[in-house]
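Okay, so here's the structure we're looking at.
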Amino acid sequence: MVCVSEEGSALCIVHDVTSSGLRTGTQKKITLSLPPSTTVQELFQEVCLKWQYDPDTFELVLQRSSSGETVALNNLKEQTIQDVGVTFEPGSRNMLHVFDMHCQPVRRQTASTVTGDTPDDDMLLGTSASPTAGGDYTHPPPAPPPPPPIVSTGDYTYTPALIKHDRVDYVGLVNQAMTCYLNSLLQALYMTPEFRNALYKWEYSGSDKDEVKSIPYQLQKLFLNLQTSSKSAVETTDLTRSFGWDSSEAWQQHDIQELCRVMFDALEQTFKDTEQADLISRLYEGKMIDYVKCLDCGTEKSREDTFLDIPLPVRPFGSTVAYGSVEEALRAFVQPETLDGNNQYFCEKCNKKCDAHKGLKFSKFPYLLTLHLKRFDFDYTTLHRIKLNDKVTFPEILNLNSFVVQPGSKDENEPVQEETVMKCDDSSTTDSGSALDDESCHGTETALSTQETDCQEDDEGIDMSNHENEKNRRHTMDKGPYTYELFSIMIHSGSASGGHYYAYIKDFRRGEWFCFNDQSVSRITNDDIMKTYGGGTVRGYYSGAYSSSTNAYMLMYRQVDKQRNCEAMTGEEFPSHIKKLLQKIQEREETDRMLREKEMDMVKIKIYCHHPSQNTISEVKLTFHNLDTLKSTTESAYKALKLEGVVPLERCRLVKYDRVQDNIERSFEGQDDDPIGEIVSSDRIGEIVSNGKLDMLLEIRREDAEFEVYVPGGVPTKVFVVDVETEEVEGPFDVRGNLSQTVREFKLTLGKALKLDPEKIKVVIEKYSNEPKLLEDCERTLKMEGFYAQIKVFVATKIDEDPEKLFIVSKLHKIIDRFEHIITLHIILPDTDKEILKKLGIPALSVDVNHNTSGVCCKTLEETPADDVTLLSSALSAATCSMSVSVPSPQGPPARDNSPQPPTDPEDEGIGATGHSDQSASEDSSLTDSDRTLVGDVPDECLAQVSSPSNSPPGSDQQNISSPEEGTTNTYHSFQTEQSENWDDEVDTNEATTRALNHYFKAVPYLENGTQKMLKVLVDKRMLLGTLKNDLEPYVGVPQEYFKIFRMYPMQQEYECARLKDSLSSYRDEEKLTVKLGRVLRKGEHRGKVSQLLPNSPEPCKFLFEWILSKGMTVAEAKRDILEEVKRKYNIDIPFERCRLRKKSWKNPTKVYLDSQRFEEDDITLFPNWEMFLQELPGPEPVTVGSQLVLFVRRWCPSTFEVKPFEEVLLDGYTVKEFKEKLAALSDIPEANLEFAKGQSSFPCDMSVLSIHSDLEWNPPTDKLDVWPLNIYEDGHVFFYRDNREQLKQLTPEERKEIANKEGSRVNKLSTVSTYSPRKERALKIYLDPAPRKCEEPDLD
């Protein structure tokens, strides 16, 4: 037997060429070093783990390096990789490729099938919730025991290590998003028999309409579902909806102890005036005495308080040593504080300040005791919240009799003495990573390990019938009534910024413990409980820092009392109203089941259509019955897409469609009368349905054409026709093949589509890392050759003029190799009529002998002669022209002007959108070093001729323009290069510019939507931006210094491309660019932006255009020019006397400009990139002098929760008195009843109407506007005002929720750019209806 370490290994490179991989924009690949004994099955597993692909939805193909053959490995999984042809020779590389199966997109693995890359803690914790909402919990440590992974069927799959018993008879709760804290508490309450029984005894007496708002009713329903449902997990959405929560609350992280208090408060409010009014206090309320005792005279003052839980600090304040147990923490809790020194207590009996004890004493413990371990703290050193993961033990039986002060006892007034315990900080750890070393801490780890070793390894549960437990129980019972039995442990796993809750809960009936972890319920052992104490093994790289952050956070005990202890109700014991509710739930489930069955009889289809008149892709989602025929479905889609009167129904049909690839997958000939349900469920299109959707296309044929037959397995290809002699490349042409076709049959298809002789056709495909491959074996299928959707196919009638040449060194190979750098750009051209150019002061394009200013459609290396120049108008009229161009002889360089680029606007220097340097971006990680030698700018001496149909001598510049009829096909002109070893040498900037100018460029003008002038440009992406601008001159119609190029980025943001020396390597194929007119600024001119101010519009600030202002110009002159441009561009006619210009400061409208003012340093300072508002007025301009103050005001109406539209107030001074006078005149509200408040944030200071009345600072304490707290110094501030006689409307929860939803959508619309904002903490609230009281009760202290 050969050991793995002794085996040779094979280098395997796996490329992802699936549609999923290609959509990322970069080819994904992995590199593996595998021994010969590796099976193909193991190789598949590696691929699945890397990319999470479903192994049944992709094909793995090996390309044998020896013969070049490809081998599909899907059916060879039992063989080793050596058997299937993987090469193990030193230095050899094995290429493998992952393809879509049957041309269908590869599917991702579900959560239940991903096992290799998913850590146990990730599977366990899932979506997390936290006691504090301050951050994101990323990698929580594992929590014992890990729950089983959840699969889509709702069943659970357990690993053998987790299977302890048969299935449990408990139901889990579905985690809505981050509601694990809620699920854990609900399960604990459900498993408390006294609470569940009391809840069942409560009877709902409201209307059916109000059921959704009743918390006890929804809690009853949930408990009934947990007790009777056959599902593995049930939803909590009905309950949270009764809390008044919306879907966003499910994504809020909260503390489980906070939820417990808030829920109990809500239940107490709901249970008022019912039989269960004292439910919470009867079960959970205890009493304690808050006292102060004078140490001189012994006089004690005290007050009795109630509590629902006891918060126990894990560490004393300021200490790094934790309490070792719950009992120790309880003793510290009641240990009195001594008031002495400056903090002495004034004793009324002694009539002086005396030393005193201040503390707490328990007078009564509740029946159900809740202990809260305060593990979340604040580190004053790091100023961060931290979690204390220290070890704190807790007993199964807790005796609290010694903590209760009995009336008349001798120690009634004596504090409980604290037991002196010397501890070392062996359990100190925080989430901030800080830990203090204590040299005295020795032997702690040994003690811990010894304690843990004592635990029985094979313990399958906590045996409550154990003799020692019974003995301890009887012993503690003799001392008093306050003996408690542990039954619930709320566990938090994670940090202070995020984590996950789950619960360990005891079943009193069985005496067994279970883990309730959201959907999962499983048995646990005593060892699992002991792990929740905290602490754990010590990490070596943090002294004293524990690796585990999973520990108990809240404990629930039940008093041992034979009179009160009970078991939960069974179905036979349910009250009558609960039985009715159960019947109602079961009837609802039956109705839902029938609806689901009905939905199974329906099919949902998304139908696309290339609309013939709108030139857009329309889509509609429709639902059909399974029995509807394909013909009736087509008619319905035809009507839904509103094609009536546009195209006859006879020219339409439905076909299977892939929207991502924009590809028709198959057609359904002869199936017009077949039910659509059968078509959908058939195996032929089952793959798309299994992805959860079905896409179809309503195909429209031309009037004189017939429908094409599309069979399954079709693959769309992009075909380019190469003329080896002239080196011209035409295309792309869309040709559809089939994976089952042989290469010979595909050649017949190509010959028919391209009108070529199939016997002479040479077919080359672009394989993998853009490496061309000649298809020589005509009997191999397209699938065997590795065809995939949108693959590039090159067709020629010969590979070289020398038939004996090998393909790798042939002329065809070189042409295709050069073609890989070509990208297509779609450029939006500006309007350049004479009036616009005259208005902007931009000259039309002139002709000179040094610049190529013609309207040619294609160029490679040549210098266009001046006498053959055509202008832009000629180019646009011959939009489909195609030309062949001769080139100068390689003996001499082309006679092009190598002068530097024209100067750009100095304001824009250094501003670029690409963000890339000048280096070539053709570096591809998949190329070898020798390949990279051929990547770069082409030097002059390496350029050869592009042959021309004319007989021009070498060096001539004659051009031949074909007729428009010939121009209907796209012609790509390439050029020959001779290999040079000096291509990568350093050159100066001028030489680089010259080289960049020699790159391929071809432009074809066309119209989009019938009106917008566009330019389709095919260009070498190694070209420089400055060269591209130079080549675009004849199509734009103005010199390049008078226009700019913009790219469109996400969120519709335009960025100027200003770095002229950057290449086009970062530009995407089929990217759309915009050309905008602009000119070089003269002295004293500055470019800026003009926006329209619309205060009462949903979009108050609307950008209009860029504009140029010059120093010395009056505001009236600028306003007149701007109004003319607004009328010309937007057809908006604004009267000159009813508008104003005003300064724009970010979003805020500020200083109003008077018509008589000038843009001068001593009047209005003009800066580069200025911004200005154009504001239309309801009447003539009221502002007459610059010292006047213009403010925006809005009236707030609290009785209707409305805000009136914006109005303006003009003030001559800055006094509040004048301001109120103007408001009174505007609103008819007496000055004495006027209240005002300054708006918050930037204009328009919009905020929710639910916040205006309470969040604004009404009636600021000042009599002047230009002092604190208003600080009004210039125009444009916003004020709200109201009438204090108007009462605030009291909203019902429904009205409040409706207003909140409307206001949220309205306010969010004002923000057009999404910005990141860290999530803020949100208080946990449960919203209740104001319940009517039967009688008014006086407030009691």
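None of the values given here were measured: they were computed from a predicted structure.
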Item to check | NZ (Lys231) with more than 12 external heavy atoms under 6.0 Å | outcome: no

Checklist entry - Near Glu275 CD, under 6.0 Å, is it more than 12 heavy atoms from other residues, nucleotides or ligands? => result no

Any luck finding a side-chain donor-acceptor pair between [X] and [Y] under 3.5 Å?
X	Y	result
Asp210	Ser207	yes
Tyr553	His372	yes
Thr525	Asp528	yes
Tyr284	Asp309	no
Tyr367	Glu194	yes
Arg196	Gln227	yes
Asn175	Gln519	no
Glu235	Thr237	no

So, [X] and [Y], do they make that salt bridge, N to O below 4.0 Å?
X	Y	answer
Lys387	Asp379	no
Lys221	Glu211	no
Asp527	Lys531	yes
Glu1294	Lys1297	no
Arg385	Asp377	no
Glu485	Lys506	yes
Lys272	Glu268	no
Glu567	Arg510	no
Asp592	Arg596	no

Next on the checklist: salt bridge (charged side-chain N to carboxylate O under 4.0 Å, His left out), that's the test. Do Lys1302 and Glu1298 meet it? Break it down for me.
Outcome noted: CA-CA 6 Å; Lys1302 290 181 180 179; Glu1298 182 181 359; 3.3 Å; yes

Checklist entry - Tyr190 pairs by ring pair (Phe, Tyr, Trp, His ring centres under 6.0 Å) with which of Phe516, Phe223, Tyr200, Tyr170? => result Phe223

What distance do [X] atom [atom1] and [Y] atom [atom2] have between them, rounded to the nearest 0.5 Å?
X	Y	atom1	atom2	result
Ile280	Gln276	CD1	CD	9.5 Å
Thr240	Asp246	OG1	CG	9.5 Å
Leu360	Asp305	CG	CG	8.0 Å
Leu239	Gln176	CG	CD	9.0 Å
Tyr501	Thr179	OH	OG1	13.0 Å
Cys180	Leu185	SG	CG	12.0 Å

Item to check | Heavy-atom check, side chain of Ser184 versus side chain of Ile256, under 4.5 Å | outcome: yes

Next on the checklist: Could you check whether any side-chain heavy atom of Leu555 comes within less than 4.5 Å of a side-chain heavy atom of Thr370, counting everything from C-beta outward?
Outcome noted: no

Item to check | ring-ring contact (aromatic ring centres under 6.0 Å, His included) involving Phe362 - partner list, sequence neighbours excluded | outcome: Phe307, Phe333, Phe365

Next on the checklist: Does the structure place the NZ or CZ of Arg558 under 6.0 Å from the centre of the six-membered ring of Phe508, at an angle of no more than 45° from the ring's axis?
Outcome noted: yes

Checklist entry - Does Arg523 count as lying over the ring of Phe514, i.e. NZ or CZ under 6.0 Å from the six-ring centre, within 45 degrees of the axis? => result no

Checklist entry - Under the criterion side chain to side chain contact (heavy atoms under 4.5 Å, CB included), which of Lys201, Gln220, Glu203 is the partner of Ile578? => result Gln220

Next on the checklist: If we check side chain to side chain contact (heavy atoms under 4.5 Å, CB included) with Asn225, which of these qualifies: Val171, Val234, Leu173?
Outcome noted: Val234

Next on the checklist: With ring pair (Phe, Tyr, Trp, His ring centres under 6.0 Å) as the criterion, how do Tyr502 and His492 come out once you've worked through the C-alpha distance, each side chain's angles and the decisive distance to 0.1 Å?
Outcome noted: CA-CA 7 Å; Tyr502 56 98; His492 181 265; 9.5 Å; no

Taking [X] for its side chain and [Y] for its backbone only, find out whether a donor-acceptor pair lies under 3.5 Å.
X	Y	answer
Thr192	Ala188	yes
Asp507	Trp513	no
Ser229	Leu226	no

Checklist entry - Would Ile215 and Phe243 count as a side-chain contact (heavy atoms from CB on, under 4.5 Å) if you check the C-alpha gap in whole Å, the side-chain angles of each, and the deciding distance to 0.1 Å? => result CA-CA 7 Å; Ile215 296 175; Phe243 290 171; 3.7 Å; yes

Checklist entry - Taking only residues at least two apart or on different chains, which pairs with a member in residues 171-192 satisfy salt bridge (charged side-chain N to carboxylate O under 4.0 Å, His left out)? => result none

Checklist entry - Using the ring of each side chain (for Trp, its six-membered ring), is His254 parallel, tilted or perpendicular to Trp245, with breaks at 30° and 60°? => result tilted

Next on the checklist: Is there a side-chain contact (heavy atoms from CB on, under 4.5 Å) between Asp238 and Val212? Walk through the geometry before answering.
Outcome noted: CA-CA 7 Å; Asp238 287 344; Val212 294; over 6 Å; no

Checklist entry - With sequence neighbours excluded, what pairs up with Glu599 under the salt bridge (charged side-chain N to carboxylate O under 4.0 Å, His left out) test? => result none

